[in-house]
Amino acid sequence: MTPSDVKATLSFSDGSPQMDLPLYKGTIGPDVIDIRKLYAQTGKFTYDPGFLSTASCNSTITYIDGDKGELLYRGYPIEQLATNCDYLETCYLLLYGELPSPSQKEEFVNRVTNHTMVNEQMQFFLRGFRRDAHPMAVMTGLVGALSAFYHDSTDINNPEHREIAAIRLIAKMPTLVAMAYKYTIGQPYIYPKNDLSYAGNFMRMMFATPCEEYKPNDVLVRAMDRIFTLHADHEQNASTSTVRLCGSSGTNPFAAIAAGVACLWGPAHGGANEACLNMLNDIQQMGGVAKIGEFIKQVKDKNSNVKLMGFGHRVYKNYDPRAKLMRETCHEVLNELGLHDDPLFKLAMELEKIALEDEYFVARKLYPNVDFYSGIVQRAIGIPVPLFTAIFALARTVGWIAQLNEMIGDPEYKIGRPRQLFVGATPRNVTPIAQR
Ligand code: SDX
């Protein structure tokens, strides 16, 4: 990061000594004010719950311009990556900073392919769950449990351990998600097949049975691969910040990624695609397109606590570029499956049209985000709704790992330990219980 020749001067109206704060410039995006010495010099903290104005780190991985609706992975626009690359190429880019050459890609794909099986003991771990457990509860457990199997790669400060843990996590997430699914429907697990692509292998582990050959549909496989790419990373979102904070204690990579899975589950974050599809189903039950106006009225009523799921974003105050690409994929998949009259898709497009013209949403810069269409695509592909967020976690694993490794590789990193504004009780004495 480059020191700016602009300084910020902090002065206090009570005559406390003022302080110059250095500014730093990135390659693109907002400058930052370096407040690292603020507390030592003024005895004061900054206050920013939700971190609306706080940069927690410097990073070279993903850049988002919320006003322009731009998303870059290592400088490449998401539109170009989603069109010209597949998910494993994108994984290579996020992990190592450059797109792979053909031989580099082949070597990387082979490494991932040869780590797709999980330890057979994992099946017994799964048996501890109820069959109707939410897949994200299962995934939080399974990913955390990986650290029990890989003692040879749990030292986060060892670059070789970080490298093999990254490969293992990227390779095993599809296997674990498919196992979590098969467990809930009482079908046998399907082992990975090394001659299939990453997304094709996942589709087969999800939908094949031992009774007959499963031929993945190329259009659906490509759609699944694009869903993975669109969800791969997204700067310092809640789950990525969780992974960084968790990893900053020096815990092992599997535990840190499990923390990310747990955070992603929330409906305000990765759980939004499941919540969005449930919302569309509810509107459909209410009467479909004719009832959109009534639903929007509820959303505008603060007391209703109803949100338009799949809309709005902390950073994007324009259309989420991933939502545009997801809508394209939606069309492709529904056409391939002869579902272009899918009532939920029509409802979603009508809802989007109405919301984009409604002053309430326009004034608040609420646009569709990645989750608005991803649920419809996944439902069309045959993914059960409760599994949507587990697939988001599968795809985001590479982003979490890349961000975690970037932090650990930064000589300046310290354990994350924010402070607070204390507004609780001042010191007081305990009254013995006999007198309380
Ligand atoms: C993801 O951070 C990331 O990068 C996340 C993600 C990633 O790839 O990692 O992009 C993935 O999580 C996408 C977001 C998925 N979540 C949803 O679709 C859930 C619905 N969206 C909202 O919960 C909300 O938009 C957030 C949480 C996403 C963002 O909320 P902010 O930035 O904290 O904004 P806010 O809640 O302060 O809202 C500002 C205003 C408020 O109204 P006022 O109080 O100003 O009157 O907009 C309103 C909010 O009530 N608002 C909504 C709304 N989102 C915000 N009103 C109705 N429906 C919504 N969806």
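Everything quoted here is computed from the prediction, not taken from an experiment. We count ligands from 1, going down the list as the structure has it; atoms in each ligand are counted the same way.
- With L264, N237, N369 as candidates, the residue nearest to atom 2 (O) of ligand 1 on a non-hydrogen basis is N237.
- When K307, Q298, K365, M279 are checked for heavy-atom proximity to atom 49 (C) of ligand 1, K307 turns out nearest.
- The protein heavy atom nearest to atom 50 (O) of ligand 1 is K302 NZ, 3.1 Å.
- The contact set between ligand 1 and A272, taken as ligand atoms under 4.0 Å from a residue heavy atom, comprises 15 (C), 16 (N), 17 (C), 18 (O).
- Under a 4.0 Å criterion applied to the non-hydrogen atoms of R396, ligand 1 contributes the atoms 7 (C), 8 (O), 9 (O).
- A salt bridge links R379 and D342; the closest N-O separation between the charged side-chain nitrogens and carboxylate oxygens is under 4.0 Å.
- Judged by distance alone, the side chains of D48 and T46 never bring a donor and an acceptor atom under 3.5 Å apart.
- Residue contacts with ligand 1 for V299 involve side-chain atoms from C-beta outward but no N, CA, C or O (heavy atoms, distance under 4.0 Å).
- When only modelled atom types and interatomic distance are considered, S59 and E406 share a side-chain donor-acceptor pair under 3.5 Å.
- Proximity of T240 to ligand 1, defined as any heavy-atom pair under 4.0 Å, is not found for any part of the residue.
- Note on K300 versus D358: salt bridge recorded, some NZ/NE/NH1/NH2 to OD/OE distance being below 4.0 Å.
- Judged by distance alone, the side chain of R204 and the main-chain N or O of Y191 form a donor-acceptor pair under 3.5 Å.
- By the 4.0 Å N-to-carboxylate-O rule, E328 lies close enough to R226 to be salt-bridged with it.
- Contacts between H313 and ligand 1 below 4.0 angstrom, taking non-hydrogen atoms only, involve backbone and side chain alike.
- Residue, atom and distance of the protein heavy atom nearest to atom 4 (O) of ligand 1 are H234 ND1, 2.6 Å.
- When hydrogens are left out, the protein atom nearest atom 28 (C) of ligand 1 is G312 O, 3.8 Å; that is the closest non-hydrogen contact.
- A salt bridge links E163 and R111; the closest N-O separation between the charged side-chain nitrogens and carboxylate oxygens is under 4.0 Å.
- The backbone N or O of V370 sits less than 3.5 Å from a side-chain atom of D320, completing a donor-acceptor pair.
- In terms of protein heavy atoms, atom 33 (O) of ligand 1 is closest to R314 NH2, 2.9 Å.
- Remark: minimum distance from atom 19 (C) of ligand 1 to any protein heavy atom is reached at M309 CE, 3.5 Å.
- Summary of contacts: the protein heavy atom closest to atom 21 (N) of ligand 1 is F311 O, 2.9 Å.
- Those atoms of ligand 1 with a heavy atom of G310 less than 4.0 angstrom away are 17 (C), 18 (O).
- Proximity of V398 to I170: side-chain heavy atoms (C-beta onward) are separated by under 4.5 Å at one or more points.
- Close approach of ligand 1 to D371 (heavy-atom distance below 4.0 Å) involves ligand atoms 1 (C), 13 (C), 14 (C), 15 (C).
- A ring-centre distance under 6.0 Å is found for F311 and F372.
- A donor-acceptor pair under 3.5 Å is formed between the side chain of R162 and the backbone N or O of I156.
- When heavy-atom distances to ligand 1 are checked against a 4.0 Å cut-off, E235 has no atom that comes that close, whether in backbone or side chain.
- Ionic pairing of E294 and K297 is not present here: no N-O contact between side-chain nitrogen and carboxylate oxygen is shorter than 4.0 angstrom.
- Proximity of atom 17 (C) of ligand 1 to the protein is indicated by at least one non-hydrogen atom lying closer than 4.0 angstrom.
- At a distance under 4.0 Å, no protein heavy atom can be found next to atom 37 (O) of ligand 1.
- The shortest N or O to N or O distance between I64 and ligand 1 is not below 3.5 Å.
- Among all protein heavy atoms, the one lying closest to atom 56 (N) of ligand 1 is L366 CD1, 3.7 Å.
- For a threshold of 3.5 Å applied to N or O pairs, the pair formed by L308 and ligand 1 contains at least one separation below that value.
- The protein non-hydrogen atom at the shortest distance from atom 45 (O) of ligand 1 is R364 NE, 3.8 Å.
- In this structure, atom 26 (C) of ligand 1 has no protein heavy-atom contact shorter than 4.0 Å.
- Each of T389, L176, L387 was scored for a side-chain contact (heavy atoms from CB on, under 4.5 Å) with M139, with one residue passing: L176.
- Protein non-hydrogen atoms do not reach within 4.0 Å of atom 30 (O) of ligand 1.
- Remark: H234 NE2 to W400 CH2 distance equals 14.0 Å, nearest 0.5 Å.
- Per-residue contacts place A268 under 4.0 angstrom from the following atoms of ligand 1 (heavy atoms of the residue considered): 12 (O), 14 (C), 15 (C), 16 (N).
- Side chain of N369 to main chain of G312: a donor-acceptor pair is present (N/O by atom type, distance under 3.5 Å, no hydrogens or angles).
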